[in-house]
Amino acid sequence: MKTAITELFGIQHPIIQGGMHYVGFAELAAAVSNAGGLGIITGLTQRTPELLAKEIARCRDMTDKPFGVNLTFLPTFSTPPYPEYIAAIREGGVKAVETAGRSPEQYMPALKAAGIKVIHKCTSVRHSLKAEKIGCNAVSVDGFECGGHPGEDDIPNMILLPRAADALKIPFVASGGMADARSLVAALSMGASGMNMGTRFVATKEAPVHENVKQAIVKASELDTVLVMRALRNTERVLKNKGVAQLVEIERSKGASLTIDDIHDQVAGVYAKVMVDGDMDAGAWSCGMVVGLIDDIPTVKELIDRIMSEAETIIRQRLTGFLDGKVETEKARAVA
């Protein structure tokens, strides 16, 4: 399948693995790239630029396909040395960067000078247009369904994607609620040139996380996520657990006076406890509503091959069938 996104990044399939803290290591990025998508190493999971350089080199040993690095610009307890991270990306020969959070505008000159193509994650049309204006090559449009930070507008993808298609000149991928062939075909029909998957890739054999995490995703339903940190205007969608229940209670008691320090124990240092140790009640970790569509733990290649095969079936048979006047006699179901 060829789209503006496959052409932009030199990949076989229009599927991007989003950057995920303590998930986006070389193993997963290489597996996605080898399967024809665009794998992404999560830059800030590596504690220093030097460690990121080593992770990039490790990924190069695992794949000769294109892969990228995620850099997230969000409020943190300490500011990372972004210029040094960008230098590590440049020196590692990486030609794709997924930026997220705050605008990457101040870092665009350095990224462009290195010949790096930038795809910025946006939760609104206005932010997507700003990304286009500052020179981003593409955007990842994140609907309200997404895990992590969905913004503050609460616009789901059935509305957000067509709006983005109407407004943007640069290509975009759909993110949030993406899990299978139906997700891809729907995204393409609404104007996207591909899709970005995060939570779905966590539940794969190559994802370098504790087995408890994968099982929690498979067992969860679409009702098992919750939004936290709304009062801080840093809203995050996370999977419900005991630590998150404590966080929600603190938010309820503090109300508008809530500060990040009040919930430090429920949000700081949680990812290592969850992803490495398998402590599923440690606190807040990003997870999308798409858990309701995930019921197995395939290899990355099995997942991507299944998505592309079933997407072709949906397009060539089911959708074309409507135009040919065929009447459905049974419930259509194409699940990746």
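Residue numbers count from 1 along this sequence. Because the structure is predicted, anything quoted here is derived from the model rather than measured.
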Is N34 reaching over with its side chain to a backbone N or O of M62, donor-acceptor style, under 3.5 angstrom?
yes
For residues M195 and F144: do they belong to one hydrophobic cluster (side chain heavy atoms under 4.5 Å, members Ile, Leu, Val, Met, Phe, Trp, Tyr)?
no
Strictly below 4.0 Å, N to O, side chains only: are K240 and D224 in salt-bridge contact?
no
Please say yes or no: joined through hydrophobic side-chain contacts below 4.5 Å, possibly via intermediate residues, are I314 and M197 part of one cluster?
yes
Geometric cation-pi criterion, R58 with F25: 6.0 Å, 45°
no
Does this structure show an ion pair linking R237 with D142, if we count only N-O contacts that are shorter than 4.0 Å?
no
Give me the atom names and distance for the closest heavy-atom approach of L129 to A167.
CD2-O, 3.5 Å
Heavy-atom check, side chain of V209 versus side chain of V202, under 4.5 Å:
yes
Between R182 and E310, does any side-chain N to carboxylate O distance fall below 4.0 Å?
no
Indicate if I116 and L44 have the same hydrophobic cluster label, given that clusters are the connected sets of ILVMFWY residues with side-chain heavy-atom separations under 4.5 angstrom.
yes
Donor-acceptor pair, side chain of H13 and main chain of I15, under 3.5 angstrom
no
Whether the side chain of N157 engages the backbone of E145 through a donor-acceptor N/O pair (distance < 3.5 Å, no angle test) should be reported.
no
Looking only at atom types and distance, does a side-chain atom of H149 sit under 3.5 Å from a main-chain N or O of T235, one as donor and one as acceptor?
yes
Are L303 and V300 packed together at the side-chain level, in the sense that at least one heavy-atom pair is separated by less than 4.5 angstrom?
no
Would you check if the side chain of S33 reaches a backbone N or O of G39 as a donor-acceptor pair within less than 3.5 Å?
yes
Strictly distance-based, threshold 3.5 Å: is any side-chain N or O of D281 a donor or acceptor partner for the main-chain N or O of N241?
no
Within a radius of less than 6.0 Å around NZ of K65, do more than 12 heavy atoms belonging to other residues, nucleotides or ligands occur?
no
So, do V141 and S175 sit near enough that their side-chain heavy atoms are less than 4.5 Å apart?
no
Between R230 and D154, does any side-chain N to carboxylate O distance fall below 4.0 Å?
yes
Flag if over 12 foreign heavy atoms under 6.0 Å of NZ, K130
no
Do Y271 side-chain atoms and S286 backbone N/O form a donor-acceptor pair below 3.5 Å?
yes
Go through the steps to decide whether Q12 and T6 satisfy the test side chain to side chain donor-acceptor pair (under 3.5 Å), and finish with yes or no.
CA-CA 6 Å; Q12 182 181 1; T6 63; over 6 Å; no
Quick one, F9 and N137 - any side-chain contact, counting heavy atoms below 4.5 Å?
no
Check this for me: does any side-chain nitrogen of one of D305 and K301 sit under 4.0 Å from a carboxylate oxygen of the other?
yes
Between the main-chain N or O of A231 and the side-chain N or O of E251, is there a donor-acceptor pair closer than 3.5 Å?
no
Same apolar cluster: V139 and V118, side chain cutoff 4.5 Å:
no
Is there any side chain to side chain donor-acceptor pair (under 3.5 Å) pair reaching into residues 188-198, and which pairs are they, with sequence neighbours excluded?
E98-N196
Are K205 and D296 close enough for a salt bridge, meaning some N to O gap below 4.0 Å?
no
Distance-only, no hydrogens or angles: does the K273 side chain make a donor-acceptor pair with backbone N or O of G283 under 3.5 Å?
no
Ignoring hydrogens and angles, tell me if any N or O in the side chain of E206 forms a donor-acceptor pair with the backbone of T299 under 3.5 Å.
no
Assess the side chains of H21 and T42: does a donor N or O sit below 3.5 Å from an acceptor N or O?
no
Using side-chain heavy atoms (C-beta onward) and a distance below 4.5 Å, is Y107 in contact with P83?
yes
L319, CG: over 12 other non-hydrogen atoms inside 6.0 angstrom:
yes
Got M229 and I260 here, is their nearest side-chain heavy-atom distance under 4.5 Å?
yes
